[in-house]
Chemist: 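The structure follows.
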Amino acid sequence: STIQGNVRWHPDGTFICYVNNNSITVCDVRHGDTFGKVRILTPPSEESPTNLAWSHDGETIGYNRSVENPATGEKTKQIFLLEFKE
């Protein structure tokens, strides 16, 4: 299990998100019983997601992922949005 960078704080400071084993992961950093609880939000992909960013309201995580064009075989970075609920 390796954190692959892109550690980002939730706007209210209660969670961090990061890429781990090519999956987007969220860790609870609130004091108490939930501290350190980890949730994997996406299945692992062949290439690591990049450029994680929380929305200002903390309800969405934006990120990039390479997607292959089936017609040309060429890969391009696409923007994806992931809804986050506690």
Side-chain angles (χ1 to χ4, degrees):
S1 169
T2 302
I3 295 177
Q4 296 165 279
N6 293 311
V7 176
R8 300 289 185 252
W9 284 93
H10 187 276
D12 69 8
T14 56
F15 296 91
I16 57 173
C17 69
Y18 52 91
V19 176
N20 182 43
N21 293 327
N22 290 356
S23 297
I24 296 174
T25 305
V26 170
C27 181
D28 191 324
V29 293
R30 296 175 286 187
H31 296 288
D33 293 341
T34 61
F35 182 81
K37 182 179 177 186
V38 172
R39 285 190 295 167
I40 298 170
L41 301 180
T42 61
S45 58
E46 187 176 313
E47 293 184 34
S48 178
T50 59
N51 305 316
L52 303 181
W54 288 98
S55 61
H56 291 288
D57 63 8
E59 294 181 4
T60 306
I61 300 169
Y63 62 98
N64 293 122
R65 183 169 272 165
S66 291
V67 176
E68 186 175 319
N69 179 332
T72 64
E74 185 177 311
K75 288 188 176 183
T76 58
K77 292 265 185 180
Q78 298 275 323
I79 298 170
F80 290 85
L81 299 175
L82 179 64
E83 186 178 344
F84 176 73
K85 297 211 186 240
E86 286 188 49

Chemist: Is there a path from Val7 to Ile40 through hydrophobic residues (I, L, V, M, F, W, Y) whose side chains come within less than 4.5 Å of each other?
Modeler: no

Chemist: Could you tell me how the ring of Phe84 sits relative to the ring of Trp54: parallel (under 30°), tilted (30 to 60°) or perpendicular (over 60°)?
Modeler: perpendicular

Chemist: List the steps and the verdict of salt bridge (Lys or Arg N to Asp or Glu O under 4.0 Å) for Glu86 and Arg39.
Modeler: CA-CA 10 Å; Glu86 286 188 49; Arg39 285 190 295 167; over 6 Å; no

Chemist: How long is the span from the CD1 atom in Ile61 to the SG atom in Cys17, to the nearest 0.5 Å?
Modeler: 4.5 Å

Chemist: I need the Glu83 CD to Leu41 CG distance, nearest 0.5 Å.
Modeler: 11.0 Å

Chemist: Should we say atom CG of Asp33 is surrounded by more than 12 heavy atoms from elsewhere, each under 6.0 Å from it?
Modeler: no

Chemist: Of all heavy-atom pairs between Gln4 and Asn21, which one has the smallest distance, and what is that distance?
Modeler: OE1-N, 3.0 Å

Chemist: Any side-chain heavy-atom pair from Arg8 and Ile16 closer than 4.5 angstrom?
Modeler: no

Chemist: Taking all heavy atoms of Pro11 and all of Ser55, pick out the closest pair and write down the distance.
Modeler: CG-O, 3.3 Å

Chemist: Looking only at heavy atoms, what is the nearest atom pair of Thr14 and Asp28, with distance?
Modeler: O-OD1, 3.6 Å

Chemist: Where do Pro49 and Val19 come nearest, in terms of heavy atoms and distance?
Modeler: O-CG2, 3.4 Å

Chemist: Looking at Arg65 and Glu47, what are the two nearest heavy atoms and their distance?
Modeler: NE-O, 4.4 Å

Chemist: Run Asn22 and Ser45 through side-chain hydrogen bond (donor to acceptor under 3.5 Å, both in side chains) and show every step you take.
Modeler: CA-CA 6 Å; Asn22 290 356; Ser45 58; 5.1 Å; no

Chemist: I want to check something: taking the side chain as every heavy atom from C-beta on, are Tyr63 and Thr42 in contact at a cut-off of under 4.5 Å?
Modeler: yes

Chemist: Above 12 or not: heavy atoms from other molecules or residues under 6.0 Å from CD of Glu74?
Modeler: no

Chemist: Under 4.5 Å between any side-chain heavy atoms of Tyr18 and Val26, yes or no?
Modeler: no

Chemist: Are the side chains of Leu82 and Ile24 in contact, using a 4.5 Å heavy-atom criterion?
Modeler: yes

Chemist: For a quick test of reading the model, state the closest non-hydrogen atom pair linking Asn20 to Ile3 and the distance between them.
Modeler: OD1-N, 3.7 Å

Chemist: Measure the spacing between CD of Glu59 and NE2 of His10 and express it to the nearest 0.5 Å.
Modeler: 8.0 Å

Chemist: Inspect the surroundings of NZ in Lys37 and state if more than 12 heavy atoms from other residues, nucleotides or ligands are less than 6.0 Å away.
Modeler: no

Chemist: How many angstroms lie between CZ in Phe15 and OG1 in Thr34, if you round to the nearest 0.5 Å?
Modeler: 7.0 Å

Chemist: Hey, could you give me the CD/CD distance between Glu46 and Glu68, rounded to the nearest 0.5 Å?
Modeler: 8.5 Å

Chemist: For the atom pair CG (Asn64) and OG (Ser48), what is the distance rounded to the nearest 0.5 Å?
Modeler: 11.0 Å

Chemist: Does one hydrophobic cluster hold both Phe35 and Val38, with members joined at side-chain heavy-atom distances below 4.5 Å?
Modeler: yes

